[in-house]
Amino acid sequence: MRASQTARGEDPEVVDAILAADERRRGALSEFESLRAEQKVVSRSVGAAMGAFQKAKKAGAADADHLEKAAHHARAQAGELSEQVKSLEADAAQAGAELATLLRRAGNVIIDGVPSGGEDDFAVLETIGQARDFAAEGFEPLDHLAIGERLGAIDMERGAKVGGARFYYLTGVGALLELALLNMAMAQATAAGFTPMITPTLARSDIMHGAGFMDAHAEEVYRLEADDLYLTGTSEVALAGYHADEIIDLTAGPQRYVAWSACYRREAGSHGKDTRGIIRVHQFHKVEMFSYCRPEDAEVEHQRLLDWEREMLAKIEVPYRIIDTAAGDLGGPAARKFDCEAWVPTQGRYRELTSTSNCTTYQARRLNTRERDPNGSGTRTVATLNGTLGTTRWLVAILENHQQADGSVRVPEALRPFLGLDGAGGQRSSTVTSMA
RNA sequence: GGAGGCGUCGCAUAGUGGCCUAGUGCGCCCGCCUGCUAAGCGGGUUGGGGAUAACACCCCUCGCGAGUUCAAAUCUCGCCGCCUCCGCCA
């Protein structure tokens, strides 16, 4: 855990503080519990004494006075104990709260092999596909916004009019293209056995905290003050919360969900970054995979999620690379994260299209999602993982990589059945021009 | 938005301040009995935490959280959820 903190560039001393706090908590708890046990015994005897006294009084027995005295004495003793118990209980509760606060400060323990360092210290695992040579083809590629405007697919100006900067309309073929892409993602995952879902995009505070989105990334989150609700930046929140406080059954293998949802992000820390087009926007749509599995299966499951992402990227036929994100760029919940980044010709670099995280037991621990322990009695925390299968941003890669000299855009083969453009506005689904 | 009702063990229910260490039925698990998918009998069956080599044992848990009390499933307040009726509305 110390090594993990260091690799993330965080304070390893937190670990010692956690151990000390745990020690204090256990001590306080033990003290409280033993006195509490004593209190219960005494308190119960008060009931018996009072009963005996009442009976004697009713019967007019001679020893009634004596019994009354005994009962009052017992009550006084119980009262004293009660005071002490209360104060010990408060101590124990405080020690517990201190531990919880410290634990929240530490990110998930990273998996061996994750590169140390920050945002730029990722390791490239693999590069797939070849970037097109536009010079050889004899034309200068347009960026996704220029293409989108020409096709009547993206309208940033009206987006800004209605929602402000970083809002947009997808119009005509743009709207259809996004639906086609996300529908293809839903279909792929459903065929692979995922349970398809459309999830809430507002979540309560406890779920946001449990999913790990209120720590380092709290600034990214829209909050609805009047209702104390949060707009989620990903359906991961709703999917992680789905089984909160539940004991789930993993005997037949991982439980996998695939969700379509709108996603909302404030982009608080990214002023001036990616201001053109739909690369970085306040609202977009996403299809997300989410898996609950046994901790010992999590790394294998992580590879499976990555494979499903690769399958999707192959379908849209764009060049991309896979990176192993460095520890300092992981975010609190993730123990390892693989991103797939697509080649964006007009930027001459790779941009993130997918991200799959193995959160091991971090989220499930906070959200209290468990399974019956297969190795014995009791329950144990499960592991959670997530991964992207498609987002609005994918349109950037599709538009730029498949643009033609005549200004049209070739639609990848796999996407055509989902586009449903045949006959509509005289379009063929092999290319999109405009909806006119 | 208004009015009312409700939340107890996997399910159904009992429980209106101390004999509740939460009872009963069903389901489930283990055993016994019986020659036959049954019935009967006995035991077990929420979850969390502490303690332990492992047990034993102890504490907490009656939607959640505070409070009153020597003592709370039971009384008070707040929150969450569900149901019924009325109103409003995509």
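Letters A, B, ... are given to chains in the order of the sequence lines, protein chains preceding strands, and every chain is numbered from 1.
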Report the distance from atom [atom1] of [X] to atom [atom2] of [N], rounded to the nearest whole Å.
{"X": "A/Asp245", "N": "B/rU46", "atom1": "CG", "atom2": "P", "answer": "19 Å"}
{"X": "A/Arg365", "N": "B/rG49", "atom1": "CZ", "atom2": "C1'", "answer": "16 Å"}
{"X": "A/Leu229", "N": "B/rC79", "atom1": "CG", "atom2": "P", "answer": "15 Å"}
{"X": "A/Glu246", "N": "B/rG47", "atom1": "CD", "atom2": "P", "answer": "15 Å"}
{"X": "A/Asn368", "N": "B/rU46", "atom1": "CG", "atom2": "C1'", "answer": "13 Å"}
{"X": "A/Asp228", "N": "B/rG78", "atom1": "CG", "atom2": "P", "answer": "18 Å"}
{"X": "A/Gln84", "N": "B/rC70", "atom1": "CD", "atom2": "P", "answer": "15 Å"}
{"X": "A/Glu38", "N": "B/rC60", "atom1": "CD", "atom2": "P", "answer": "14 Å"}

Please check: side-chain N/O of [X] versus main-chain N/O of [Y], any donor-acceptor pairing under 3.5 Å?
{"X": "A/Ser34", "Y": "A/Ser30", "answer": "yes"}
{"X": "A/Thr234", "Y": "A/Glu236", "answer": "yes"}
{"X": "A/Asp329", "Y": "A/Ala326", "answer": "no"}
{"X": "A/Arg416", "Y": "A/Val411", "answer": "yes"}
{"X": "A/Arg365", "Y": "A/Gly210", "answer": "no"}

**Message:** On RNA chain B, does the nearest nucleotide to A/Ser82 precede the nearest nucleotide to A/Arg204 from the 5' side, or the other way round? Give the residue.
**Reply:**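 The residue mapped nearer the 5' terminus is A/Ser82.
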
**Asked** Between A/Ile247 and A/Arg36, who's closer to the 5' end of RNA chain B by nearest nucleotide?
**Response**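 The residue mapped nearer the 5' terminus is A/Ile247.
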
Nucleotide opposite [N] in a Watson-Crick or G-U pair, distances under 3.5 Å:
{"N": "B/rG31", "answer": "B/rC41"}
{"N": "B/rU46", "answer": "none"}
{"N": "B/rU52", "answer": "none"}
{"N": "B/rG87", "answer": "none"}
{"N": "B/rA73", "answer": "none"}
{"N": "B/rA22", "answer": "none"}
{"N": "B/rG78", "answer": "B/rC64"}
{"N": "B/rC9", "answer": "none"}

**Asked** Could you go step by step and tell me if A/Tyr230 and A/Ser205 meet the side-chain contact (heavy atoms from CB on, under 4.5 Å) rule?
**Response** CA-CA 7 Å; A/Tyr230 300 84; A/Ser205 165; 3.7 Å; yes

Suppose you measure atom [atom1] in [N] against the same atom in [M]; what distance do you get, rounded to whole Å?
{"N": "B/rG43", "M": "B/rC33", "atom1": "C1'", "value": "15 Å"}
{"N": "B/rU13", "M": "B/rA73", "atom1": "C1'", "value": "14 Å"}
{"N": "B/rG25", "M": "B/rG15", "atom1": "C1'", "value": "15 Å"}
{"N": "B/rC60", "M": "B/rC6", "atom1": "P", "value": "29 Å"}
{"N": "B/rC89", "M": "B/rU16", "atom1": "P", "value": "46 Å"}
{"N": "B/rG78", "M": "B/rA3", "atom1": "P", "value": "13 Å"}
{"N": "B/rA54", "M": "B/rG35", "atom1": "P", "value": "47 Å"}
{"N": "B/rA12", "M": "B/rG65", "atom1": "P", "value": "22 Å"}

**Message:** Nearest to the A/Gln39 side chain among B/rG47, B/rG50, B/rC70, which nucleotide is it?
**Reply:**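 Minimum distance to the A/Gln39 side chain belongs to B/rC70.
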
**Nucleotide nearest A/Ser30 (side chain, heavy atoms from C-beta), chosen from B/rA71, B/rC60, B/rG50** =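 Within the option list, the nearest is B/rG50.
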
**Request:** Could you check A/His302, A/Glu301, A/Gln255 and say which one makes a side chain to side chain donor-acceptor pair (under 3.5 Å) with A/Ser291?
**Result:**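 Between A/Ser291 and the candidates, side chain to side chain donor-acceptor pair (under 3.5 Å) is satisfied uniquely by A/Glu301.
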
Contacts under 3.5 Å, N or O only, protein and nucleotides 55-58 of chain B:
none

**Prompt:** Would a line drawn from the ring center of A/Phe194 to the ring center of A/Tyr257 be shorter than 6.0 Å?
**Reply:**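 Ring centres of A/Tyr257 and A/Phe194 not closer than 6.0 Å.
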
**Message:** For A/Arg366, give me all partners under salt bridge (Lys or Arg N to Asp or Glu O under 4.0 Å), at least two apart in sequence or on another chain.
**Reply:** A/Asp215

